[in-house]
**Student:** 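Okay, here's the structure, questions in a sec.
Given the structure is predicted, the values throughout are model-derived calculations rather than measurements. Residue numbers begin at 1 in each chain, while the letters A, B, ... track the order of the sequences.
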Protein chains: 2
Amino acid sequence: MKNRDEVRELFKAKKVPLTHQRLAVYEELSGRKDHPSAEALYESLKKDYPSLSLATVYKTLQTLHEMGMVARVDSPAAQARYDAIVETHHHAVCTACGRIEDLFDPRLDTLPAPKAEGFVPSGHSVHFHGLCARCAKASAQKTR
Amino acid sequence: MKNRDEVRELFKAKKVPLTHQRLAVYEELSGRKDHPSAEALYESLKKDYPSLSLATVYKTLQTLHEMGMVARVDSPAAQARYDAIVETHHHAVCTACGRIEDLFDPRLDTLPAPKAEGFVPSGHSVHFHGLCARCAKASAQKTR
DNA sequence: TACTAGTGGATAATAATTATCAACCAGGAG
DNA sequence: CTCCTGGTTGATAATTATTATCCACTAGTA
């Protein structure tokens with residue numbers, strides 16, 4: 001939870017203009033314990049900023065995400081992806097091209113139970129993110 | 001990877017009519033090593049089944065999912081969710097109401113490296129799924 | 001072979017997100 | 001403090017992914 005001056009510093013360091021809207025979206029998001037959607041944030045912010053546009057919330061979240069100040073909880077991919085393997089297994093997701101590889105590793109199949117009050121777990125999955133072989137190679141080319 | 005007769009049995013057991021389209025979608029999906037979207041499956045299947053409709057692919061995937069024969073890889077939620085906490089942490093996702101709780105557990109922060117050829121990992125996150133305290137209670141009420 | 005519930009195909013509708021663009025503001029120069 | 005300029009905002013259109021609708025048709029059974 002960053003205070004207003006820390007936020008200001010981060011924007012300055014990245015040379016990204018800090019607008020009222022951006023500050024408002026960030027403070028609203030970091031003040032909440034749930035994981036709101038863009039729409040939900042918009043609904044909350046509308047009271048204090050009646051002129052705020054939903055499109056601005058989307059754009060701001062995009063900007064904050066690129067700055068590394070917010071994370072997207074679920075799918076990075078726009079469309080749903082399907083898998084005919086329903087047994088427990090895990091995934092390596094390429095952050096560059098979106099490719100998803102299956103991982104089978106029994107060491108990941110049993111993990112410490114989640115420490116969440118009253119939560120009744122039925123399963124879990126581990127998502128590694130990083131660069132797939134192809135994209136890692138392409139990235140190495142570029143920076144060479 | 002189930003053969004055609006096993007698939008036939010599963011449909012019979014669940015009393016779900018097995019149509020050519022359903023068989024085709026399932027066989028196409030289980031024959032692939034990537035994790036295709038509905039659209040991608042449709043594109044592949046169009047060659048052999050020119051009359052196939054995209055809507056049918058969606059409905060079939062839905063049906064297969066309810067039968068427990070296919071899994072959805074990423075987001076169970078329709079809309080993207082955001083988080084102001086960018087440090088490594090994990091999530092408990094309620095399959096009933098979609099609520100997402102943050103989990104902080106250092107034991108989950110270091111896991112065996114993914115066994116995927118050439119993959120360069122940059123991080124990971126663990127998703128537990130199950131019922132949150134509220135939904136678990138509601139579910140217990142109902143079955144009492 | 002005939003019957004009937006449920007499915008498939010075509011397309012409209014909906015939902016989430018992104019693009020467009022003129023008016024406006026943040027932040028630096030003078 | 002005022003002006004300037006590029007980036008941002010807000011309103012809305014467009015796009016993308018998915019779901020609903022509805023009638024003809026097929027799977028599974030008698």
Side-chain angles (χ1 to χ4, degrees), chain A residues 4-5 7-26 28-29 35-43 45-67 69-70 72-82 98, chain B residues 4-5 7-26 28-29 35-43 45-67 69-70 72-82 98:
Chain A
R4 197 163 293 188
D5 282 339
V7 173
R8 222 175 276 282
E9 285 306 312
L10 282 166
F11 274 86
K12 191 165 226 173
K14 304 228 157 121
K15 301 200 205 312
V16 177
L18 176 58
T19 63
H20 297 133
Q21 291 89 336
R22 285 174 178 173
L23 188 58
V25 169
Y26 181 75
E28 174 67 22
L29 179 59
H35 299 73
S37 63
E39 183 87 36
L41 283 169
Y42 172 65
E43 286 304 320
L45 288 161
K46 232 176 12 184
K47 286 151 204 153
D48 292 320
Y49 304 84
S51 75
L52 183 71
S53 164
L54 175 58
T56 299
V57 176
Y58 274 103
K59 282 182 285 197
T60 299
L61 288 169
Q62 179 79 35
T63 303
L64 292 170
H65 181 58
E66 283 164 9
M67 295 174 70
M69 292 178 67
V70 311
R72 256 191 272 263
V73 172
D74 275 314
S75 95
Q79 34 186 7
R81 308 282 217 88
Y82 296 87
Chain B
R4 197 165 294 188
D5 282 339
V7 173
R8 222 175 278 281
E9 284 306 313
L10 281 166
F11 274 85
K12 191 165 227 173
K14 303 226 158 122
K15 301 201 205 312
V16 177
L18 175 58
T19 62
H20 297 131
Q21 291 88 338
R22 285 173 178 174
L23 188 58
V25 169
Y26 181 75
E28 173 67 21
L29 179 59
H35 298 73
S37 63
E39 183 88 37
L41 283 170
Y42 172 65
E43 286 303 321
L45 289 162
K46 231 177 10 184
K47 286 152 203 151
D48 292 319
Y49 304 85
S51 75
L52 183 71
S53 164
L54 175 58
T56 300
V57 177
Y58 273 103
K59 282 184 284 195
T60 299
L61 286 169
Q62 180 79 35
T63 303
L64 292 169
H65 181 58
E66 283 163 9
M67 294 175 70
M69 292 178 67
V70 312
R72 256 190 271 262
V73 173
D74 274 314
S75 94
Q79 35 185 7
R81 308 281 218 89
Y82 297 88

**Student:** Taking any heavy-atom pair under 4.0 Å as a contact, classify A:Thr19: base, sugar-phosphate, or nothing.
**Tutor:** sugar-phosphate
**Student:** Taking the side chain of A:Arg22 as heavy atoms from C-beta outward, which of D:dA27, C:dG27, D:dT9 is closest to it?
**Tutor:** D:dT9
**Student:** Figure out the NZ/P separation between A:Lys46 and D:dA11, and round it to whole Å.
**Tutor:** 11 Å
**Student:** If the condition is side chain to side chain donor-acceptor pair (under 3.5 Å), which residues does A:Tyr82 pass it with, not counting sequence neighbours?
**Tutor:** B:Arg72
**Student:** Under 4.0 Å: is that the gap between some side-chain N or O of B:His20 and OP1 or OP2 of D:dA27?
**Tutor:** yes
**Student:** Send over the distance from B:Lys14 NZ to D:dA27 P, rounded to a whole Å.
**Tutor:** 22 Å
**Student:** I want to check something: taking the side chain as every heavy atom from C-beta on, are B:Leu29 and B:Leu61 in contact at a cut-off of under 4.5 Å?
**Tutor:** yes
**Student:** Is the shortest side-chain heavy-atom distance between B:Gln21 and B:Leu45 below 4.5 Å?
**Tutor:** no
**Student:** For DNA chain C, what residues of residues 57-64 of chain A have any heavy atom nearer than 4.0 Å?
**Tutor:** A:Tyr58, A:Lys59
**Student:** Starting from P on D:dA11, measure out to CG on A:Leu52 and report it in whole angstrom.
**Tutor:** 9 Å
**Student:** Whole Å only: how far is the CD atom of A:Glu66 from the P atom of C:dT18?
**Tutor:** 11 Å
**Student:** Could you measure the distance from the CG atom of A:Leu52 to the NE2 atom of A:His20? Nearest 0.5 Å is fine.
**Tutor:** 13.0 Å
**Student:** Give one of base, sugar-phosphate or nothing for A:Ser51, where a contact means two heavy atoms less than 4.0 Å apart.
**Tutor:** sugar-phosphate
**Student:** Starting from the 5' end of DNA chain C, give me the residue, A:Lys12 or B:Val16, whose nearest nucleotide shows up first.
**Tutor:** B:Val16
**Student:** Assess the residue pair A:Arg22 and A:Leu64 against the criterion (side-chain contact (heavy atoms from CB on, under 4.5 Å)); give the C-alpha distance rounded to whole Å, side-chain angles, the decisive distance to 0.1 Å, and a yes or no.
**Tutor:** CA-CA 8 Å; A:Arg22 285 174 178 173; A:Leu64 292 170; 5.6 Å; no
**Student:** Whole angstrom is fine here: how far is it from OH in B:Tyr82 over to P in C:dA16?
**Tutor:** 12 Å
**Student:** Using only side-chain N and O atoms of B:Thr56, determine if any of them is under 4.0 Å from OP1 or OP2 of C:dG9.
**Tutor:** yes
**Student:** Would you give the length of the straight line joining atom CE of A:Met67 to atom CG of A:Leu10, rounded to the nearest 0.5 angstrom?
**Tutor:** 6.0 Å
**Student:** Using atom CG of A:Leu41 as one end and atom P of C:dA16 as the other, report the distance to the nearest whole Å.
**Tutor:** 14 Å
**Student:** Hey, what do you get for CG (A:Leu18) to NZ (A:Lys12), rounding to the nearest 0.5 Å?
**Tutor:** 10.5 Å
**Student:** Roughly how many Å is it from CG in B:Leu18 to C1' in C:dG8, rounded to a whole number?
**Tutor:** 14 Å
**Student:** Quick check for you: among C:dA19, D:dT18, D:dT8, whose closest atom lies nearest to any side-chain atom of A:Ala55?
**Tutor:** C:dA19
**Student:** Any Lys/Arg nitrogen of B:Glu43 or B:Lys46 sitting under 4.0 Å from an Asp/Glu carboxylate oxygen of the other?
**Tutor:** yes
**Student:** Looking at D:dG10, I'd like to know if its phosphate oxygens (OP1 or OP2) sit under 4.0 Å from a side-chain N or O belonging to A:Gln21.
**Tutor:** yes
**Student:** Quick one: does B:Val7's side chain get under 4.5 Å of B:Arg4's, heavy atoms only?
**Tutor:** no
**Student:** Using the C1' atoms of five pairs at each end, what's the angle between the two axes of the helix from C:dT1-D:dA30 to C:dG30-D:dC1, to 10 degrees?
**Tutor:** 30°
**Student:** Test side-chain contact (heavy atoms from CB on, under 4.5 Å) on B:Thr60 and B:Leu41 and set out the steps.
**Tutor:** CA-CA 11 Å; B:Thr60 299; B:Leu41 283 170; over 6 Å; no
